[in-house]
Structure formats: structure tokens, C-alpha cells
Amino acid sequence: MSVAPEDAPSTGRGRRPARLSGDDRELAILGTAERLLADRPLAAISVDDLARGAGISRPTFYFYFSSKDAVLLSLLDRVVAEADTAMREVFGTPATTPRDGWARAIGAYYETFRAHRALTVAWAQARSASDEVRALWSAVFERWVQQCATAIDAERARGAAPPGLPSRDLAVALTSMNERVLYATFSGDGPAIAESDVVDVLLGIWLSAVYGAQAPG
């Protein structure tokens with residue numbers, strides 16, 4: 001598995017245009033949002049809560065962000081950029097075995113979102129109510145699906161994986177599984193896999209789906 005993710009800089013979608021990325025007040029708003037989301041859902045957080053937590057006035061908040069959803073979008077941009085950076089590092093290091101490559105990729109994905117577990121849950125919940133959040137996540141998801149499908153095709157082309165389901169369909173199903181498993185584990189919403197077992201369980205399913213009976217041990 002040796003397909004490198006595309007560069008995907010943060011879009012800044014949902015934010016008011018062109019602020020300095022290192023602006024302390026913008027970072028304070030983002031930090032406040034992530035902290036508050038660890039204790040309550042986005043619906044229970046007001047703009048006043050975000051402004052107060054960042055030590056700024058409500059009008060100053062709107063100088064940086066147009067809404068609470070815009071803050072969530074900016075946070076999503078940042079965490080996706082973290083995930084993409086982690087994946088580039090994984091794919092930039094040759095894997096000793098196919099199992100090693102997939103394990104490091106799934107592990108990097110898991111560790112990134114585990115570090116932002118409250119945001120992971122908030123984004124999943126916000127998609128049903130926010131067209132902007134849903135559109136941004138859909139674009140991110142599509143990019144990851146394409147990367148996974150390309151990696152599967154590469155394994156088939158070199159004879160390491162057998163022919164099977166269309167690679168895109170397989171990538172959609174496997175990537176969707178990752179998303180749902182992480183959401184259930186982080187939120188406790190429905191049956192869930194223990195955090196200590198998530199990577200091993202996902203890895204086993206990916207290897208079986210991609211390699212079938214030839215799944216590397």
C-alpha cells in the first residue's frame with residue numbers, strides 16, 4: 001500500500017475571509033468551542049458562551065466567525081488537515097508488509113480523531129442540521145474514498161490482492177464503517193467497540209475485505 005494522499009490545505013469554509021491564522025482571539029474562540037463541546041452539544045452552546053470563554057465581546061466574535069456552525073467548520077478544517085498530515089507521513093514511509101501499511105494508516109486516522117473526540121461526535125450530529133457541515137464532510141469523505149480505492153487498485157495491480165468488488169464501492173463501505181465505529185465508540189451511541197480494540201478490529205475487517213483468503217497475517 002503506497003498511495004500518498006493529496007495535499008488538502010484547510011479551506012476556511014464558513015469563516016469570514018482572510019484573518020491571520022495565528023490570531024490569538026480566533027484561536028481562543030476555537031479552543032473555547034472544543035472545550036465546551038466536551039461537556040455539552042453544540043445546540044446548548046451560545047455565541048455568548050464562545051465569546052465569554054474567549055475573553056472577547058459578542059461583536060468581536062462576529063468579526064471572526066459568522067455563526068457557531070462557522071466555528072465548527074473551521075475546527076473541522078483544522079482536524080482534517082491534521083489527519084491528512086498524519087496520513088502523508090504514514091504513506092511517505094515504505095511499509096514492510098501490506099498489514100503494516102494498513103495498520104499505520106488506520107491507526108493514524110483513529111489517533112487523530114480520538115484526540116478530538118468531542119468534535120468528532122459534534123460533526124456527526126451537526127450534519128443532519130447543517131448543509132455546510134454536511135457538504136464539507138462529504139467533500140472530505142469523497143477524497144478519502146478516492147485515496148482508499150486507489151490503494152486497493154494498486155494492491156490488485158501488483159497481485160497482492162485478488163479481484164473483487166469494485167474498488168470504489170469497497171472503499172465507500174470500509175470508510176463509512178470507520179466513521180460509524182469511531183462515532184459509536186466516542187459517543188456511546190449504540191453498540192460500540194472498546195477503544196483499546198478499535199484499530200485491531202478495523203484492521204482485521206479491512207484486510208479481509210481487500211485481500212480475502214490471502215489476508216496477510
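Numbering starts at 1 and runs along the sequence shown. These figures come from a predicted structure and were not determined experimentally.
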Which value, rounded to the nearest 0.5 Å, describes the distance between [X] atom [atom1] and [Y] atom [atom2]?
X	Y	atom1	atom2	result
Glu111	His116	CD	NE2	11.0 Å
Leu50	Arg35	CG	CZ	9.5 Å
Leu73	Ser67	CG	OG	7.5 Å
Glu179	Thr120	CD	OG1	9.5 Å
Arg117	Tyr183	CZ	OH	12.5 Å
Leu182	Tyr109	CG	OH	5.5 Å

Which heavy atom in [X] sits nearest to a heavy atom in [Y], and how many Å separate them?
X	Y	answer
Leu42	Lys68	O-NZ, 3.1 Å
Ala149	Ala171	N-CB, 3.7 Å
Pro191	Ala184	O-CB, 3.6 Å
Tyr211	Ala160	CD2-O, 3.3 Å
Ala161	Val210	CB-O, 3.4 Å
Leu75	Ala33	CD1-CB, 3.9 Å

- Are Ser74 and Asp77 close enough, and set up right, to give a side-chain hydrogen bond (donor to acceptor under 3.5 Å, both in side chains), and what steps lead you there? CA-CA 5 Å; Ser74 184; Asp77 279 337; 5.4 Å; no
Taking [Y]'s backbone N and O only, do any of them form a donor-acceptor pair with [X]'s side chain (distance below 3.5 Å, no angle check)?
X	Y	answer
Ser208	Ile205	no
Ser138	Arg134	no
Asp197	Ile193	no
Thr185	Glu195	no

- Query: Can Arg88 and Asp84 be counted as an ion pair, charged N to O under 4.0 angstrom?
  - Reply: no
- Note: Glu34-Arg78 ion pair, threshold 4.0 Å (strictly below): no
- Item | side-chain contact (heavy atoms from CB on, under 4.5 Å) between Tyr110 and Val181, worked out | CA-CA 10 Å; Tyr110 169 73; Val181 166; over 6 Å; no
- Task: Step by step, work out the side-chain contact (heavy atoms from CB on, under 4.5 Å) result for Leu174 and Met177.
- Result: CA-CA 5 Å; Leu174 291 171; Met177 174 191 67; 4.0 Å; yes
Can you find a heavy atom in the side chain of [X] that is under 4.5 Å from one in the side chain of [Y]?
X	Y	result
Thr85	Thr112	no
Val47	Phe65	no
Ile56	Phe63	no

- Message: Can you tell me how the ring of Trp123 sits relative to the ring of Trp137, calling it parallel under 30°, perpendicular over 60° and tilted otherwise?
- Response: parallel
- Task: Begin with the C-alpha distance, continue with both residues' side-chain angles, and end with the deciding distance and a verdict on side-chain contact (heavy atoms from CB on, under 4.5 Å) for Arg114 and Val199.
- Result: CA-CA 11 Å; Arg114 184 174 72 89; Val199 173; over 6 Å; no
- Item | Distance-only donor-acceptor check, side chains Asn178 and Thr175, under 3.5 Å | no
- Message: Is there a side-chain contact (heavy atoms from CB on, under 4.5 Å) between Leu37 and Val121? Walk through the geometry before answering.
- Response: CA-CA 9 Å; Leu37 284 167; Val121 173; over 6 Å; no
